[in-house]
**Student:** 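Before anything else, here's the structure in question.
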Amino acid sequence: MALPYAPDALEPVISAETLGFHHGKHLLAYVNNLNAALPGSGLENMPLEELLLNAQGGMLNNAGQIMNHNLYFAQFTSPKADNAPTGRLAQAIKEEYGSFEAFKEIFAKAGATLFGSGWAWLSADSQGNLHITQEPNAANPLQHGLRPLLTMDVWEHAYYLDYQNRRPDHLAALWQIIDWDVVAARYEE
Ligand code: MN
């Protein structure tokens with residue numbers, strides 16, 4: 001997946017340098033690893049969503065990381081003050097968590113307290129109810145029957161160049177660059 005914005009478009013929240021390594025090196029390595037493992041596996045023509053449910057071992061990890069990063073990089077836009085969702089998604093967040101502020105606090109805590117590497121997620125179930133989950137390593141809520149809407153990558157490669165060990169500061173800054181139109185479209189799907 002090519003980035004839908006310029007490499008410096010997310011600064012100062014995510015630097016062009018971090019984006020260059022994260023998208024250009026880390027994600028590329030997952031893609032190359034999966035492409036190297038697919039031939040002869042019998043899973044060659046499977047979409048990523050199905051690989052997540054059918055692949056195992058290294059192939060599953062690489063497919064998961066590609067899926068996760070595609071969702072992650074597609075959900076950002078240039079920083080905006082007072083950035084917030086609107087419409088039906090905003091209403092659903094308010095109903096489930098009380099307020100957007102309360103939602104952000106619970107979500108950021110899920111990211112900050114995830115031990116080791118992984119992802120914090122906002123997902124919807126088949127009834128449209130919202131769920132915040134922590135997924136270790138390369139896992140994705142699709143594996144529990146949930147539809148992923150929004151994610152924060154808490155692998156150190158996502159923030160260490162810009163924030164060093166301050167993962168919570170990185171997560172707090174990410175709210176400025178969430179493209180809520182993209183997240184709402186995933187919710188309405
Ligand atoms: Mn990552």
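Just so you know, residue 1 is the first one in the sequence shown, and it goes up from there. Numbering of ligands and ligand atoms starts at 1, following listing order.
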**Student:** Could you work out, with ring pair (Phe, Tyr, Trp, His ring centres under 6.0 Å) as the rule, every residue matching H23, not counting sequence neighbours?
**Tutor:** F73
**Student:** Do Q65 and H26 meet the criterion of a side-chain donor-acceptor pair at a distance under 3.5 Å?
**Tutor:** no
**Student:** Side-chain donor-acceptor pair under 3.5 Å between D162 and H170, yes or no?
**Tutor:** no
**Student:** Other residues, nucleotides and ligands only: do more than 12 of their heavy atoms fall within 6.0 Å of CD on E105?
**Tutor:** no
**Student:** Among residues at least two apart in sequence or on other chains, which ones pass side-chain hydrogen bond (donor to acceptor under 3.5 Å, both in side chains) with Q164?
**Tutor:** R166
**Student:** F21: which other cluster members, linking ILVMFWY side chains closer than 4.5 Å, directly or transitively?
**Tutor:** L161
**Student:** Protein N, O or S atoms less than 2.8 Å from the Mn ion (ligand 1), ignoring waters?
**Tutor:** H22 NE2, H69 NE2, D153 OD2, H157 NE2
